[in-house]
Amino acid sequence: MTLAVFFGCTFIAFGPAFGLFLFTIARDPLRIIILIAGAFFWLVSLLLSSLIWFIAVKASDPRDERLQKGLLIFGVMFSVLLQEAFRFLYYKLLRKAIEGLVALSEDGCSPISIQQMAYVAGVGFGLMSGAFSMINLLADALGPGTVGIHGDSQLYFLTSAFMTMVLIFLHTFWGILFFHGCEHRRWWEIAAVVVMHLTVSGSSFCNPLYVGSLVPSYMLMAAAAAWAYLLSGGSAQNLRRFLLCLRSGASPQPGS
């Protein structure tokens, strides 16, 4: 049973992201480099936020429950802001890289657009975030032990896998929105990404009431996906056809 839980949660959490990597990134060495660099930037942000958290906990009174809860909330919010700050730094780095690629190319064009970089960088952020979210849980899923034997929720591993999947997708869409906002100086788009990230991270405090964290996260993912699709050149008409499950050239039936 533990082996089934391990593979099931692994495929739920990382299966869609692996498909994105396999079909859209793996064949291009430049995209692989951008993805690995994006994962590294997220990792550095985690390292710095963990360091601040460690110092704050060591400097505080562990017996003060209210203070410890406040530090936990502060740690989550600070980590989110630091991740977005490193996303901005990565955008600046990639912008410089595009200028260098244009200077080296024979036709004066970059082999990869800023939109493609945003997508690949977002996948890199998401994969590293998902890996750190699930690696310890997957190790525990192999046993020994039974989930919920002491009355806790038996859906812990399953909901964690679905939460990891949505976070990977959200980082992908946030990367597209964030880079678009930086490129066109639409700071409200950047602010929207930060607010969505804070909302998703803050919803984790609703656990173990998993509905309070999963449902808002998936709703925000759907909104971010539609927004990123439109910013990437997609049409509202095609999006409407997709949502209504219409074929190309078909029209909705009267009364439907």
Correct closest heavy-atom pair for C9 and L138 would be CB-CD2, 3.9 Å
Going by side-chain hydrogen bond (donor to acceptor under 3.5 Å, both in side chains), name the residues that satisfy it together with Q68, two or more places apart in sequence or in a different chain. S60
Counting only heavy atoms not in I55 (residues, nucleotides, ligands), do more than 12 fall under 6.0 Å from its CD1? yes
Does G234 offer a backbone N or O that forms a donor-acceptor pair with the side chain of Y229 under 3.5 Å? no
Distance-only check: which donor-acceptor pairs under 3.5 Å involve side-chain atoms of residues 11-29, not counting sequence neighbours?
| residue | atom | partner | partner atom | Å |
| --- | --- | --- | --- | --- |
| T24 | OG1 | L20 | O | 2.3 |
| T24 | OG1 | Y119 | OH | 2.6 |
| D28 | OD1 | L30 | N | 3.0 |

Answer yes or no: is there a side-chain heavy-atom contact under 4.5 Å between L177 and H180? no
Using the side-chain hydrogen bond (donor to acceptor under 3.5 Å, both in side chains) criterion, which residues pair with S213? Sequence neighbours excluded. N207
According to the interplanar angle, ranging from 0 to 90°, do the rings of F173 and F169 count as parallel (below 30°), tilted (30 to 60°) or perpendicular (above 60°)? parallel
Interatomic spacing from OG in S235 to CZ in R240 - rounded to 0.5 Å: 11.5 Å
Given 3.5 Å as the limit, does a donor-acceptor pair link the side chain of Y218 with the main chain of F162, or not? yes
Within this structure, what is the OH-CE distance for the pair Y210 and M163, rounded to the nearest 0.5 Å? 11.5 Å
Can you tell me how far the CE atom of M128 sits from the CG atom of L46, to the nearest 0.5 Å? 9.5 Å
Parallel, tilted or perpendicular: which one describes the rings of Y90 and F179, with boundaries at 30° and 60°? perpendicular
Would you indicate whether the side-chain heavy atoms of V123 and L127 approach each other to under 4.5 Å? yes
ILVMFWY cluster, F41 and L47 together (side-chain gap under 4.5 Å): no
If you take all heavy atoms of L94 and A121, which pair is closest and at what distance? CD1-CB, 4.3 Å
In the single-linkage hydrophobic clustering (I, L, V, M, F, W, Y; side-chain heavy atoms under 4.5 Å), do L137 and L3 co-cluster? yes
Between the CZ atom in R31 and the CD1 atom in I33, the distance rounded to the nearest 0.5 Å is 13.0 Å
Under 3.5 Å, is there a donor-acceptor pair between the side chain of S204 and the main chain of V200? no
Between S201 (side chain only) and H197 (backbone N and O only), is there a donor and an acceptor less than 3.5 Å apart? yes
Honestly curious: do W227 and V195 fall in one hydrophobic cluster under the side-chain, below-4.5 Å linking rule? no
Residue list, side-chain hydrogen bond (donor to acceptor under 3.5 Å, both in side chains) with Y91, at least two apart or on another chain: E183
Counting C-beta onward and ignoring hydrogens, is there a side-chain heavy-atom pair between L170 and F125 closer than 4.5 Å? no
So if you build clusters from Ile, Leu, Val, Met, Phe, Trp, Tyr with side-chain heavy-atom gaps below 4.5 Å, do L93 and W42 land together? yes
Below 4.5 Å, heavy atoms only, C-beta onward: do Q115 and I176 meet side chain to side chain? no
Sequence neighbours excluded, the answer for salt bridge (charged side-chain N to carboxylate O under 4.0 Å, His left out) partners of R63 is D61
Roughly how far, to the nearest 0.5 Å, is the CG atom of L43 from the CD atom of Q83? 11.0 Å
Give a yes or no answer on whether the side chain of S79 reaches the backbone of G75 with a donor-acceptor pair at less than 3.5 Å. no
G212 and S203 have their tightest heavy-atom pair at O-CB, 3.8 Å
Cluster partners of F205, using ILVMFWY side-chain heavy atoms under 4.5 angstrom, listed by chain and number? W53, V57, L67, L71, L72, I73, V76, M77, V80, L81, V194, L198
Are the side chains of F157 and F6 in touch, meaning some heavy atoms are under 4.5 Å apart? no
Going only through I, L, V, M, F, W and Y residues with side-chain contacts under 4.5 Å, is there a path from L89 to F78? yes
